[in-house]
Amino acid sequence: METQDLIKALAADTRRSGMAMAHVWSLAAWTAVATAAIVFFLLLGPRTDIASAAATVRFLFKFVVTIALAASAFSLLRAQSRPETGRRGLLPRLAIAPALLIAAIVAELAVTPPDTWSARLVGTNAFVCLTFIPLIGLGPLALMLIALRHGAPSRPMLAGAMAGLTAGGIAATFYAAHCTDDSPLFVATWYTIAIAMLTLLGAVCAHRFARW
Amino acid sequence: MDDKDLARLFRLALDGDERAYGDFLEQAAELVRAWARRRTTFGGLDPEDIVQETLLAIHIKRHTWRSDGPVMPWLYAVARHKLVDALRRMGRHSWIEIGELEGQLAAEEPETARSWEIDRALETLSPGQRSVVTAISLEGRTIAEAARSLDMKETAVRVALHRGLAAIARRFGRD
């Protein structure tokens, strides 16, 4: 078939190509948050002392970090779903959540005695955290990957990693409402491992699933 | 033709203007052809295969273009993605083929008919889809003419064309 003939066939195929990416992403975002909320309330639910916890800086700052992560990863995911997007601007935006967390760690180390640090880091919920953040994040990750497949990422693995980070940020935001370990030392350790699992899973899945 | 004109054509095309879409694809083919020729000089790859695979990808993924932005960066990004894909596929296959071909190279006719990747993908379609795609591309029929000659409803022709092209894009260059 000559290229001329191919063009005739393509031009004749006037059925809509698919939903605009902007719609796809807002749909994916809302359904991902809803899915995470359903799984969270079915399996865990918020901690019982949430009202008094909400008055503490440590508790609230968990959400600052996780929401910053979800938002920055999602904006990168959206950008990476288009073929012409390069790597520019990637690192600064990825650094936002870790920078916030590092600042919180510095503050934590400054105001707490050294002999409590290891207890704060280990906490009491490490295993729960490592189980439920990935579990809550699985649904959002699947939705992000479906949306990504609709796009055309030049670097599917990188985009998939961003999908995993987004899902991890959403899951961690919900999980943080359940967890009683509020120290930034705990968050930096266990949340990071749990979110890294989702990130790796996203990269590996997208490598196969988001090809075009 | 500069980016602004090309983007205007593409916008018209996305609004359903069939002729504008044909013109846009012609322009895109020309740009990608010149681009691919410079990058496939080392042999093994036919630039026209890259052009065709890129056009198919443009078609399938046209909703990923931001219609308020320039079109050329998007166009060349799609082409680059497809070129890299083709190089990767060739790398995987060349392993076995070099050994197998060594003895044949001298014997081979210099002017064998060129085998198009797209024709191999076309052969994998179901008979119904293949006859619709062939009628509209190779035979140059319109949707209505194809429907009449194949004794199908026009909507069925449109569906078969749409699915057939998507399947060709998916299977292009893959065995």
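Each chain gets a letter, A, B and so on, in the order its sequence line appears, and its residues count up from 1. Hydrogens, waters and symmetry mates are skipped; everything else that's a heavy atom, side chains included, is used.
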Point-to-point distance, once rounded to the nearest 0.5 Å, from CG of A:Asp13 to CD1 of B:Ile60: 7.5 Å
Which answer fits B:Arg33, side chain, backbone, both or neither, if we ask what part of it has an atom under 4.5 Å from a heavy atom of chain A? side chain
Any chance you could lay out the side-chain contact (heavy atoms from CB on, under 4.5 Å) test for A:Glu2 and B:Trp116, step after step, and finish with the verdict? CA-CA 9 Å; A:Glu2 301 287 337; B:Trp116 299 77; 3.7 Å; yes
In this structure, CH2 of A:Trp212 is separated from CG of B:Leu56 (nearest 0.5 Å) by 12.0 Å
Which one wins on heavy-atom pair count under 4.5 Å against chain B: A:Ser81, A:Ala22, A:Ser154? A:Ser154
CZ (B:Arg130) with more than 12 external heavy atoms under 6.0 Å: yes
Between A:Val24, A:Leu10, A:Thr14, which residue shows the highest count of heavy-atom pairs closer than 4.5 Å to chain B? A:Leu10
Using a 4.5 angstrom heavy-atom cutoff, name the option from B:Ala28, B:Ser137, B:Ala166, B:Ala77 with the most pairs to chain A. B:Ser137
Residue A:Gln4 versus chain B: region with a heavy atom under 4.5 Å: side chain
So which part of B:Leu25 gets closer than 4.5 Å to some heavy atom of chain A, the side chain, the backbone, both or neither? both
Assert top hit (heavy-atom pairs under 4.5 Å, partner chain A, pool B:Lys82, B:Arg141, B:Arg158, B:Lys61) equals B:Lys61
Relative to chain A, which segment of B:His81 carries a heavy atom at a distance below 4.5 Å: side chain, backbone, both, or neither? side chain
Distance-minimising heavy-atom pair for A:Ala12 and B:Ile136: CB-CG2, 3.8 Å
So A:Met21 and B:Trp65, side-chain contact (heavy atoms from CB on, under 4.5 Å) or not? Walk me through it. CA-CA 9 Å; A:Met21 287 310 291; B:Trp65 177 57; over 6 Å; no
Of all heavy-atom pairs between B:Tyr21 and A:Ala11, which one has the smallest distance, and what is that distance? CD2-CA, 3.6 Å
Interface moiety of B:Glu26 toward chain A, non-hydrogen atoms closer than 4.5 Å: both
Roughly how far, to the nearest 0.5 Å, is CD of A:Glu84 from OG1 of B:Thr64? 7.0 Å
Do side-chain atoms of A:His150 reach the backbone of B:His63 as a donor and acceptor pair under 3.5 angstrom? no
Region of B:Val78 in contact with chain A, defined by heavy-atom distances below 4.5 Å: both
Given that the side chain runs from C-beta out, which part of B:Leu122 has a heavy atom under 4.5 Å from chain A: side chain, backbone, both or neither? side chain
Less than 4.5 Å to any heavy atom of chain A: does that hold for the side chain of B:Ile118, its backbone, both, or neither? side chain
Which atom of A:Ile7 lies closest to which atom of B:Ala29, heavy atoms considered: CD1-CB, 4.3 Å
B:Leu138 portion near chain A, given a 4.5 angstrom heavy-atom threshold: both
